[in-house]
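One structure follows; several queries about it will come next.
Reminder, nothing fancy here: chain letters follow the sequence lines and each chain counts from 1. Source: prediction; values computed, not measured.
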Amino acid sequence: MAGRLPFGDLTVSDRKTWFQTTAIDYPNSRPHIGTAFEKLGADVQARYRRMEGFDVCFLMGNDENTTKVSKRAVELSQETQAYADDMARQFREVWDALEITYDVFIQTSSERHKQCCRKFIQKVFDNGFIYKGSYAGWYCEGCEEFKSDKQHEENNGLCPNHRTPLVRRSEPCYFFKLSAFSDRLLAHYEANPDFIQPEIRKNEIVSLIKTEGLRDINISRAGEEWGIRIPFDPEFTIYVWFDALLTYITGIGYGDDEATFKKNWPCDTHFIGKDITRFHTALWPAMLWAAGEEAPKRVFAHGFVYFEGGKISKSRADELKKKGLEYLFEPMEIVRRFSAEAFRYYFLRECPFPADGDFSPDRFIEVYNSELPNNLGNLLSRCVTVAAKNFQGVLEGTGGRNPIDELAALGFGDLPSLVGDIRATVERCQYNLTLQRIIQEVCTPANRFLDQTAPWKLVKTGNADDLALAKQVIYRAVQVLRVASILLKPFIPKSAETIYRSFNFPTPWAEVKYADAAELQAQPDDLRVTAELVDGKVKPLFPRIG
RNA sequence: CGCGGCGUGGAGCAGCCCGGUUAGCUCGCCAGGCUCAUAACCUGGAGGUCAUAGGUUCAAAUCCUAUCGCCGCAACCA
């Protein structure tokens with residue numbers, strides 16, 4: 001799935017579609033924990049929607065048409081394009097390692113993107129939403145934007161971000177009539193309460209527009225070599241934000257593959273960081289309307305990951321380097337030392353996606369060990385071992401039994417409502433709550449159940465009834481594993497698959513849905529252990545760490 | 001009065017939007033059990049006036065107001 005060509009195998013079908021994107025990244029440094037967090041949260045949603053039968057298109061990419069990128073290339077004595085291509089390769093390597101199942105990866109320096117981009121801006125121009133003017137102001141080369149006079153004054157002539165002197169710059173330029181869309185935007189927020197998620201971000205934007213209003217925005221830059229030329233005035237390049245947002249449509253065929261574009265647009269969810277909400281919820285819909293297109297359906301602004309309570313500053317980084325912990329900033333390194341599944345689990349379980357989260361090595365080990373090896377992994381091991389050692393892995397007489405009855409007896413009578421709740425949390429991207437419930441309300445009770453019924457004792461009494469009872473006990477516990485593996489599929493896909501494939505469940509893994517976790521069907525055959533065994537045991541699914 | 005977030009047993013958190021069982025979870029601590037399982041698992045226990053002060057209510061960790069404290073936006077992050 002990952003890495004396939006943008007348009008090669010997308011076909012029009014009758015299936016309901018789901019199109020989602022993540023923010024495209026500046027490739028002036030390697031991806032870090034925070035960018036990985038965003039991709040993970042988006043990936044869970046994509047995997048969940050695929051399970052639910054949607055025809056999913058998941059778009060990601062790199063935002064390369066910025067002077068930061070060309071500057072960095074110069075520092076490294078590389079051609080800008082070669083540098084951008086190599087960074088794209090490195091980003092994809094990380095995303096692949098984290099099992100991010102993107103369908104389209106867009107580089108904004110690609111010819112296809114540039115062409116589509118020019119078509120779009122020409123359309124906006126033709127529709128009368130771009131006009132020529134001139135702009136004079138205090139410019140920061142680091143931010144690639146003009147700062148307001150107020151900011152210039154407050155910071156003694158320095159950029160508040162970079163602490164470098166602001167330069168007075170005056171230039172002819174092209175403006176986009178953003179101000180013309182204030183009322184329409186406010187009306188849109190009102191009419192579509194879920195457009196901006198979570199609600200807190202919506203309130204911020206609404207209040208921002210009501211108090212400060214929206215001003216026309218300069219969308220051109222003069223004197224740049226690297227970037228996309230404005231079609232109606234090649235002296236200028238397109239401002240990076242105006243260009244970058246367009247990946248969301250150029251990546252699905254805007255301008256040259258109408259069928260694919262129509263199939264996927266409007267976007268179901270843009271996943272972004274909370275700091276760029278304004279661009280996605282005000283500028284972006286306005287741009288689309290100006291070109292005669294629809295606004296996206298939903299923008300989801302996730303929180304940030306902090307490091308042991310604080311932000312990841314330069315000094316914090318140095319501090320960690322001294323302790324030999326610098327690998328913690330490198331997603332690839334964390335994956336190499338532990339596993340992609342451990343990485344995914346920690347961030348999804350511990351950091352609330354809609355709000356800020358925290359990362360600490362100690363907590364990482366604690367969360368992982370207590371919930372994966374000790375709880376879920378252990379449940380698998382003990383079920384398999386008891387079945388294998390005492391029944392040669394085949395639980396005769398369990399075929400045809402309805403697991404629902406069995407599970408009701410186990411205390412899972414309200415499985416449908418639990419699964420319903422869990423689906424709701426997944427759809428709201430409250431992944432930490434989802435995982436909390438799966439562990440606490442599915443896995444933990446199963447471990448308890450085994451202790452209470454102690455099948456390993458029943459098999460030793462020499463009594464035929466006890467032997468039969470032991471089989472039923474294991475059967476029930478294994479059904480819980482089935483439920484857990486299905487619910488965990490979007491989160492830790494490989495481990496969930498290993499659990500599921502450890503037994504002969506009838507539905508193929510590729511076809512399981514969340515509904516299957518709530519409405520089980522009787523197995524046609526006796527339950528059998530299909531996991532690979534060494535000395536009658538399974539290899540630990542999650543090795544303990546620390 | 002710039003905007004926003006947070007304050008829950010020793011540590012870290014969930015619950016708060018849609019008030020209502022003995023305030024839940026992980027780690028740590030104490031005692032016991034089990035020995036199928038990855039030195040894993042299970043049971044019981046100690047430990048909390050849910051930041052503070054008011055208010056609404058039959059009922060507030062949960063809603064409202066105020067106060068205090070910490071943090072983010074805001075030193076090359078999203």
If you find the nucleotide of RNA chain B closest to A/Asn432 and the one closest to A/Gly377, which residue's nucleotide is nearer the 5' end?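 First, find each residue's nearest nucleotide; the 5'-ward one identifies A/Asn432.
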Just name whichever nucleotide pairs with B/A23, Watson-Crick or G-U, keeping both distances under 3.5 Å, else none. none
B/U8 and B/C70, which share atom name C1', separated by this distance in whole Å: 16 Å
Give me the distance, rounded to whole Å, that separates B/U26 from B/U43 when you measure between the P atoms they each carry.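 Here B/U26 and B/U43 have their P atoms 10 Å from each other.
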A/Phe364 CZ - B/C13 P separation (whole Å): 17 Å
Is the A/Phe359 ring parallel, tilted or perpendicular to the A/Phe364 ring (thresholds 30°, 60°)? perpendicular
Under 3.5 Å, side chain of A/Thr453 to main-chain N/O of A/Val473, donor-acceptor pair present? no
Distance, rounded to the nearest Å, where A/Lys274 contributes NZ and B/G5 contributes P: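 After rounding, the gap between these two atoms is 10 Å.
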Do A/Gln20 and A/Thr269 get their side chains close enough for a donor-acceptor pair, meaning under 3.5 Å? no
I need the CG-P distance between A/Leu372 and B/A40, as an integer number of Å.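 After rounding, the gap between these two atoms is 15 Å.
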Spacing of A/Lys537 atom NZ relative to B/A40 atom C1', expressed in whole Å: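 Going from NZ in A/Lys537 over to C1' in B/A40 covers 10 Å.
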How close or far is atom C1' of B/C25 from atom CG of A/Leu435, stated in whole angstroms? 14 Å
Does a side-chain N-to-carboxylate-O contact under 4.0 Å join A/Arg363 and A/Glu366? yes
What is the distance from NZ of A/Lys202 to P of B/C17, rounded to the nearest Å? 18 Å
Looking at every strand, decide which applies to A/Glu204 at a 4.0 Å heavy-atom threshold: base, sugar-phosphate, or nothing. sugar-phosphate
Nucleotide forming a Watson-Crick or wobble pair with B/G32, both distances under 3.5 Å: B/C42
What does A/Glu366 touch in the nucleic acid at a heavy-atom separation under 4.0 angstrom: a base, only the sugar-phosphate, or nothing? base
Once the angle between the rings of A/Phe300 and A/Phe353 is folded into 0 to 90°, is it parallel (under 30°), tilted (30 to 60°) or perpendicular (over 60°)?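 The rings of A/Phe300 and A/Phe353 lie parallel, inter-plane angle below 30°.
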Under a 3.5 Å cut-off for both contacts, is B/C77 paired Watson-Crick or G-U wobble with anything, and if yes, with which nucleotide?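 Checking every strand shown, B/C77 finds no partner, since no pair has both distances under 3.5 Å.
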G-U wobble or Watson-Crick pairing nucleotide for B/A59 (cut-off 3.5 Å, both distances): none
Between A/Asp86 and A/Arg89, is there a side-chain N and carboxylate O pair less than 4.0 Å apart?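 Salt bridge flag = yes for A/Arg89 with A/Asp86.
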Paired nucleotide for B/A66 [Watson-Crick or G-U wobble; both distances under 3.5 Å]: B/U52
Upstream residue (5' side of RNA chain B) when A/Ser370 and A/Ile276 are each assigned their closest nucleotide: A/Ser370
So what does A/Arg544 hit on the nucleic acid, given a heavy-atom distance under 4.0 Å: a base, only sugar-phosphate, or nothing?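 Base, at least one base atom sits under 4.0 Å.
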Got a salt bridge between A/Glu371 and A/Arg349, using NZ or NE/NH1/NH2 to carboxylate O under 4.0 Å? yes
Whole angstrom value for the distance that separates P of B/C42 from CG of A/Asn447: 6 Å
Expressed in whole Å, how much space separates the P atoms belonging to B/C64 and B/G45?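 One P to the other, the span is 36 Å.
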Between B/C41, B/U38, B/G72, spot the one nearest the side chain of A/Pro540, thanks.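 Ranking B/C41, B/U38, B/G72 by closest atom to the A/Pro540 side chain puts B/U38 first.
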Counting side-chain heavy atoms from CB outward, which of B/C41, B/C42, B/G72 is closest to A/Thr444?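 Ranking B/C41, B/C42, B/G72 by closest atom to the A/Thr444 side chain puts B/C42 first.
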Given B/C36, B/G4, B/C41, which nucleotide is nearest the side-chain atoms of A/Thr385?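 For the A/Thr385 side chain, the nearest candidate turns out to be B/C36.
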Establish, yes or no, whether the cationic atom of A/Lys202 lies under 6.0 Å from the six-membered ring centre of A/Tyr189 and within 45° of the ring axis. no
Would you say a side-chain N or O of A/Arg448 is under 4.0 Å from OP1 or OP2 of B/U43? yes
So does A/Arg344 pair up with A/Asp43, basic N to acidic O under 4.0 Å?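 So A/Arg344 pairs with A/Asp43 through a salt bridge.
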Under 4.0 Å between any heavy atoms, over every strand shown, what does A/Leu208 touch: base, sugar-phosphate, or nothing? Just pick one.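 Here A/Leu208 touches no strand at all.
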In whole angstrom, give the distance that lies between atom CD of A/Gln440 and atom P of B/C27.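 After rounding, the reported distance stands at 11 Å.
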Using the C1' atom on both, measure B/C63 against B/C17 and round to a whole Å. 10 Å
Counting any heavy atom closer than 4.0 Å, what does A/Leu433 reach on the DNA or RNA strands: base, sugar-phosphate only, or nothing?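 Sugar-phosphate contact only.
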Integer angstrom distance from the P of B/U22 to that of B/U35: 36 Å
Side chain of A/His32 - closest among B/C41, B/C77, B/G4: B/C77
If you look at every strand shown and take non-hydrogen atoms under 4.0 Å, does A/Asn374 touch a base, only sugar-phosphate, or nothing?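 Sugar-phosphate, backbone atoms only, no base.
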Assign A/Phe542 to base, sugar-phosphate, or nothing according to its heavy-atom contacts below 4.0 angstrom with the strands shown.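 Base contact - A/Phe542 has a heavy atom under 4.0 Å of at least one base atom.
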Pick the C1' atom in B/C27 and in B/C3, then give their distance to the nearest Å. 36 Å
A/Asp25/A/Lys39 salt bridge by N-O under 4.0 Å criterion: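 So A/Lys39 pairs with A/Asp25 through a salt bridge.
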Euclidean distance for P, B/C25 against B/G15 (whole angstrom): 15 Å
Could you tell me how far B/A59 sits from B/G20 if I compare only their P atoms? Round to whole Å.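 So the two P atoms sit 15 Å from each other.
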Using a 4.0 Å heavy-atom cut-off, does A/Lys389 contact any base of the nucleic acid, only the sugar-phosphate backbone, or nothing at all? sugar-phosphate
Strand contacts (RNA chain B) in residues 456-463 of chain A, 4.0 angstrom heavy-atom criterion: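 Contacts with RNA chain B under 4.0 Å: A/Trp456, A/Lys457, A/Lys460.
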Pair partner, B/G72 [Watson-Crick or wobble, under 3.5 Å]: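 By the stated definition (distances under 3.5 Å), B/C3 pairs with B/G72.
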